[in-house]
Amino acid sequence: LATGPRQNNGIFYEIRTYDVKPAKMKEFLEMIDKYLHFRTAHSELVGFWYSELGAMNKVFHIWKYDNFAHRTAVRQALANDKEWQGKLISAILPLVEKQHNEVAYLVPWCQLGKPPKEGGIYEWVTFHMKPGGPALWGEAFRAAINAHINTGYTTLIGVFHTEYGLLNTVHVLWWNESPDHRAAGRHSAHEDARVVAAVRDSVRFLESQQNVLLIPLQCSPLK
């Protein structure tokens with residue numbers, strides 16, 4: 001099914017998720033922090049995180065591309081980059097059990113944000129919505145997101161809607177000062193009648209939801 005409206009430009013985001021071998025996570029993260037600059041020389045990294053709660057031994061990273069031709073050119077350049085291939089790819093691939101990628105656009109009403117300061121934590125929330133795309137559930141979903149923003153307990157970084165991967169999937173990236181700050185804010189939001197009403201309307205279109213607490217790496221632009 002068509003995924004519906006998106007931003008007016010061709011910019012999209014590739015969301016990559018890797019399952020890392022449990023005994024190799026520390027080594028994997030050290031290699032990424034040390035050598036990722038070979039990769040970021042070719043295209044823009046939005047953020048790089050590892051999971052703390054809600055999923056184990058996973059890393060999430062998001063790359064920004066101007067269009068699909070841009071991504072193709074970057075992938076070709078990476079294939080010919082001996083430092084990238086030799087110092088990082090050859091070292092980390094044996095540490096990875098599984099890779100998954102998606103292509104997503106920011107929803108039309110969202111611009112990519114930044115946290116007010118460094119040192120917090122991120123929450124990656126994945127919503128699998130009923131088939132039909134934003135034409136069916138877009139307004140209700142937007143109202144639910146805005147209701148959470150308006151409580152002031154959390155900061156929205158971005159809302160991404162899949163184009164390749166599992167369709168009718170929306171990923172929402174939030175920032176909070178700490179896990180306890182997030183927990184207190186959630187408690188307050190659940191007692192706010194405006195939030196309760198907006199969420200109740202939105203969940204009519206929801207199939208499933210997963211929340212993952214993320215910690216940014218030192219090399220991550222969002223940290």
Side chains of [X] and [Y]: does their closest heavy-atom pair fall under 4.5 Å?
X: I92; Y: Y35; answer: no
X: W49; Y: I62; answer: yes
X: E14; Y: V46; answer: no
X: M25; Y: V59; answer: yes
X: T162; Y: V103; answer: no
X: K117; Y: W175; answer: yes
X: L88; Y: M31; answer: yes
X: H161; Y: Y105; answer: no

Same cluster for [X] and [Y] if Ile/Leu/Val/Met/Phe/Trp/Tyr side chains link at under 4.5 Å?
X: L36; Y: L93; value: yes
X: I149; Y: V159; value: yes
X: F28; Y: M56; value: no

Q: Could you list the residues that satisfy side-chain hydrogen bond (donor to acceptor under 3.5 Å, both in side chains) with N146, not counting sequence neighbours?
A: none

To the nearest 0.5 Å, how far apart are [atom1] in [X] and [atom2] in [Y]?
X: L156; Y: E123; atom1: CG; atom2: CD; value: 11.5 Å
X: R71; Y: F12; atom1: CZ; atom2: CZ; value: 6.5 Å
X: R16; Y: F60; atom1: CZ; atom2: CZ; value: 14.0 Å
X: L206; Y: N168; atom1: CG; atom2: CG; value: 11.5 Å
X: H181; Y: T154; atom1: NE2; atom2: OG1; value: 8.0 Å
X: I32; Y: H61; atom1: CD1; atom2: NE2; value: 7.0 Å

Q: Check the surroundings of atom OH in Y164: do more than 12 heavy atoms from other residues, nucleotides or ligands lie under 6.0 Å from it?
A: no

Between [X] and [Y], is there a donor-acceptor pair closer than 3.5 Å when you use the side chain of the first and the backbone of the second?
X: R186; Y: A183; result: no
X: T126; Y: H171; result: no
X: K98; Y: T17; result: no

Using atom types as modelled, flag every donor-acceptor pair under 3.5 Å from a side chain in residues 212-223 to any protein atom, sequence neighbours excluded.
| from | atom 1 | to | atom 2 | distance (Å) |
| --- | --- | --- | --- | --- |
| S220 | OG | F48 | N | 3.0 |
| S220 | OG | L222 | N | 3.3 |
| S220 | OG | L222 | O | 2.6 |
| K223 | NZ | Q218 | O | 3.4 |
| K223 | NZ | S220 | O | 3.1 |

Q: In sequence, state the C-alpha distance, the side-chain angles, and the governing distance for Y153 and V195, and then conclude on side-chain contact (heavy atoms from CB on, under 4.5 Å).
A: CA-CA 12 Å; Y153 84 86; V195 175; over 6 Å; no

Q: Sequence neighbours left out, what pairs pass ring-ring contact (aromatic ring centres under 6.0 Å, His included) with at least one residue falling in residues 69-98?
A: Y65-H70

Q: Could you please spell out the steps behind the side-chain contact (heavy atoms from CB on, under 4.5 Å) verdict for W63 and V74?
A: CA-CA 11 Å; W63 299 88; V74 168; over 6 Å; no

Run the side-chain donor-acceptor check on residues 127-143: report pairs under 3.5 Å with partners two or more places apart or on a different chain.
| from | atom 1 | to | atom 2 | distance (Å) |
| --- | --- | --- | --- | --- |
| H128 | ND1 | T169 | OG1 | 3.0 |
| W137 | NE1 | K130 | O | 3.0 |
| W137 | NE1 | G133 | O | 3.2 |

Q | I145 vs W174, side-chain contact (heavy atoms from CB on, under 4.5 Å): CA-CA, chis, key distance, verdict | A | CA-CA 11 Å; I145 294 297; W174 302 96; 3.9 Å; yes

Closest non-hydrogen atom pair between [X] and [Y], with its separation:
X: I15; Y: A104; value: CD1-CB, 3.9 Å
X: K114; Y: I157; value: C-CD1, 3.8 Å
X: V96; Y: Q99; value: CG1-CG, 3.9 Å

Q: Scan residues 50-59 for pairs that pass side-chain hydrogen bond (donor to acceptor under 3.5 Å, both in side chains), counting only residues two or more places apart or in two chains.
A: D19-K58

Q. What pairs of residues pass the side-chain hydrogen bond (donor to acceptor under 3.5 Å, both in side chains) test when at least one of them lies in residues 73-83, not counting sequence neighbours?
A. H42-D81

Q.
If we count only N and O atoms by modelled type, under 3.5 Å, do the side chains of N211 and Q209 hold a donor and an acceptor together?
A. yes

Q: Please step through side-chain contact (heavy atoms from CB on, under 4.5 Å) for the pair H148 and V199, ending with a clear verdict.
A: CA-CA 9 Å; H148 282 85; V199 169; 3.4 Å; yes

